[in-house]
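Note on naming: letters A, B, ... go to the chains in the order of the sequence lines (proteins, then strands), and numbering restarts at 1 for each one. Nothing here was measured: the structure is a model prediction, and the numbers come from that model.
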Amino acid sequence: MGVLGRRIKSAETQRSQPHTWAQSLASRHDMGGFSIWYIIIGIGVLALLFIPMSMLLGVRYDYTLIVVALGGTLLGILNGVLGSFAVLRRQSLLGDALSHAALPGVCVAFLFFGRDMGALLIGAGISSLLGVWFIRILTQTTRLKQDVAMGIILTSWFALGVALLTYIQSLQTASQAGLDHFIFGQAAAIRLGDVVLVAMVGGVCLMVVIAFWKELKLMTFDLEFAQANGYPVRFLDAILSLLVVIAIVLGLQLAGVILMVGLLIAPGVAARQWTRNMAQMLTLAGIFGGFAGGAGAVISGLDKNLPTGALIIVVAVIIVFVSICVAPERGFIWTWRKRQADAKHINGGGHVAD
Amino acid sequence: MSLIEQVIIRLLNLFLSYEQINTLFNDPRTVAVIIGGLIALSSAVLGSFLLLRGLALTTDAISHTVLLGIVVAFLVMVGLLGMEADLSSPLLIIGAAGAGVLTVLLTELIERSGLVKEDAALGLAFPFLFAIAILLIARFADNVHLDQDSVMVGEIGMASANANSYCFANCDPITITPDDPRAKITRECVNCLSEGISPRHPNAIFEAVCANCGTYTAGQIIAQASRGNPLVAPEDNPQLVFIPKSLGVMSLLMLITLAFVGLVYKELKLATFDADLAKAFGFRPALLHYLLMVLTSLVAVGAFDAVGSILVVAFFIIPPATAYLLTNRLWLMLALSPLIGVISVFTGYEFAKGNFLGLIDMSAVMRWLNSTFGLNLHTTWDSSISASIVLMMFFFLLMTWLFSPKFGVVALMIQRRNQQRQFAEQVVLEHIYHHQHTEAESTELCAATLHEHLKWSKRRMMWCIARLRALHYITLQAGQVALTERGEQRVRQFNRDVLGLSIISDTTTIVT
């Protein structure tokens, strides 16, 4: 009865004119157009309302807090946008592996160059990329699945990092405290120079995404088709990996190694619920990520006992849960209402005789 | 818990006197290797099934979220029941098992909504639970020893210092808890860590670190114990045996794991390779799945103290992956992966102390690096034990990956090479067979130009002809190649068996 009824019902709606707001949103042809952009703009405005709201609740935006909030927001946006690719390509857990794999690079860079943010980031990036490369080789030449390969790289790279870290700790240099912040995430440690760096690198990344938009889109959804059409798939794949690595490495100082995967994918997963258009999804993921990063950083700035990374992740996952519930056409509330309308229609209409 | 410790001590006492047991359990190396071995055993057995079921990264998630279980159990213990915080309490184990199951349930719930893919569901569930745990620690459990360092590394080298005691004669058993004023050992040393002295620092040899808490020898502890306990007088010659707490916990977990796998081996095997069939037989694969998850959480929390929550994942994934590269048989995999794990633990401990497989002295390597590149590195090699164990696991995996007789890179390369060569030989034989006794024979079968007909390099053809001659498949007379009787037989056999051309190839008339 259930399946049959729903089929009959859907045939019914196609014939009849949509007569409620809900149904007009539901019918596929009205979706994906500009109506979603209106929703996105609304969400963006709501996110911006956080600033006056927090001011009303007594948050004072002094210089430090502004820098921290700015850094959090920028990193959140960057991670949201670039993480969406990881979500769409079903490589979410690669983010987890890569954030752990950054540790040895950070340690080596620290040993040679001290606590210089640029050097630490480059070191982290190189060791993460080595991790990606190794995962690929391991899956290509053995019968190990990708998840196993990721687990292997995650733990061994991290173990190497820990071994290096114990060596650094044994040096007893005073500046090693900064390294801890880098590993576990500490938004309060973000300085203006870091924010400028993030803004510049992030801007370049976003420009790369826009420049290769068509190719990246094709790669994400149909790799074989892209290959068959002669696109330089390996090169594009390398670019996408590089972008994700950059997002992770930059985000580490905000969320820390363990929680990084949440910051990377949660905005993308939430945005995916609202739309099936990739441009809309990336925009929305940027808004969600920026909100989670900024709000988390501001709230944690209030009290020393509130770890930034954890707060950001909790905010981001709450956004995901809200999205899963209320998103038009996919969300729980939506499907529940639709089912009720179906039942009412079938009971009232009496078209079905079985 | 105390029961199993008693059993262990009674068993050991069959062979050793109580002083010998004390020296055995007082040696950080022995204890670390034993406990590491126990962790490696249980996690490798569980990990083999998890790997085959495609759940390798679930261990990563669970090992993180057990922190939530631990924190909640701590809060209940300290806040509600007013007990002392203790990392080996049964409540903690319940909390951890609960957190493990919660992770799996949350992941499945998110996934089953159909709105989020499987990998993303896992990637959302465990950071969320872990973040809550971190927030809870920061807000409510700041005084409890659960800092991020312990999450990361763990201290297997300290395992011998956190001990229960068992009395043979003339005393009461005492427990050495972290907060026991009579023997502040483990936590004091970790205090040193937070003050910036690593317990792995060269000056921080086990005794030296604990200069602020008293050196740790069995005799002194007994003296302290007897001083703090009016029932015991030192002159009564108390016979007290100390047994590391982790030893009891991990032995119990290993026994449970082995019993579980032993009892439901058949069902697990079927559910792993064909869940639908297992369901059809009424084996309830879902129940087995959750039991596996509970056991995994238990082992993860048992190992939390010793190796930390990130590196324990390696114990679950790398040895089974190594065994998977060696064999196709489940029972062999179940035998090999714990073996690899235990060997890694042993060699890993040695590696942490600067001895790589008994072959290379790491301090010498550091000195060599210093002298060659003019670096200014420490020459004493004293690394994190758990990290070294994982690095040894990775080393063994690399070796297996390269040299596994069946699936190794080298073996596959040799195999591919052989196939290429055999194919080339067959092509040349077929070419000759095809053209001999025809009019074009003189041009087609001229040894000097044979490579042109197949568009090969001259060198390659030369090698191929040389091999075929050595095998007595062809002869070379007056610059012309010809099949021998043996070669002709081989071509016919190949055509019949492999190509299925028996009828056609026997009639030479089809040659045009």
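- Atom-to-atom distance recorded for F128(B):CZ and L259(A):CG is 11.5 Å, nearest 0.5 angstrom.
- Ranked by heavy-atom pairs shorter than 4.5 Å toward chain A, the options Y324(B), F316(B), F407(B), F395(B) are led by Y324(B).
- The shortest distance between side-chain heavy atoms of F126(B) and D96(A) falls below 4.5 Å.
- Ring planes of F394(B) and F134(A): tilted class, angle from 30 to 60°.
- When the shell of 6.0 Å around CZ of R416(B) is examined, it contains 12 or fewer heavy atoms from other residues, nucleotides or ligands.
- Looking at L325(B) and L144(A), their side chains come closer than 4.5 Å, going by heavy atoms from C-beta outward.
- P307(A) places a side-chain heavy atom less than 4.5 Å from the side chain of L135(B).
- The shortest non-hydrogen separation linking I265(A) to L124(B) is CD1-N, 4.1 Å.
- Counting non-hydrogen atoms of neighbouring residues, nucleotides and ligands closer than 6.0 angstrom, the CD atom of E118(B) reaches no more than 12 such neighbours.
- Taking both residues in full, the closest heavy atoms of T155(A) and A314(B) are given as CG2-N, 3.4 Å, listed atom of the first, atom of the second, then distance.
- With chain B as the partner, the residue from I313(A), L154(A), I324(A), I152(A) showing the most heavy-atom pairs under 4.5 Å is I152(A).
- Using a 4.5 Å cut-off between heavy atoms, L50(B) does not touch chain A at all.
- Proximity of K145(A) to L51(B): side-chain heavy atoms (C-beta onward) are nowhere separated by under 4.5 Å.
- Highest contact tally toward chain A, considering only L115(B), V409(B), D60(B), I318(B), is held by L115(B) [criterion: heavy-atom pairs under 4.5 Å].
- Across all non-hydrogen atoms, the minimal contact from G54(B) to D147(A) is O-OD2, 3.6 Å.
- Within a 6.0 Å radius of CZ in F221(A), more than 12 heavy atoms belonging to other residues, nucleotides or ligands are found.
- Once rounded to the nearest 0.5 Å, the distance linking CG of L398(B) with CG of L138(A) reads 8.0 Å.
- For chain A, no part of L52(B) is nearby; none of its heavy atoms comes within less than 4.5 Å.
- In terms of heavy atoms, A159(A) sits closest to A387(B) at O-CB, 3.3 Å.
- Closest of all the heavy-atom pairs between S156(A) and L391(B) is O-CD2, 3.8 Å.
- Contact of V148(A) with chain B is made through backbone and side chain together, with heavy-atom distances under 4.5 Å.
- Here the straight-line distance linking atom CD1 of I137(A) with atom CH2 of W401(B) works out to 5.5 Å at 0.5 Å rounding.
- At distances below 3.5 Å, at least one donor-acceptor pair connects side-chain atoms of D119(B) with backbone N or O atoms of S92(A).
- In terms of heavy-atom pairs under 4.5 angstrom with chain A, the leader among L397(B), L412(B), N328(B), I110(B) is N328(B).
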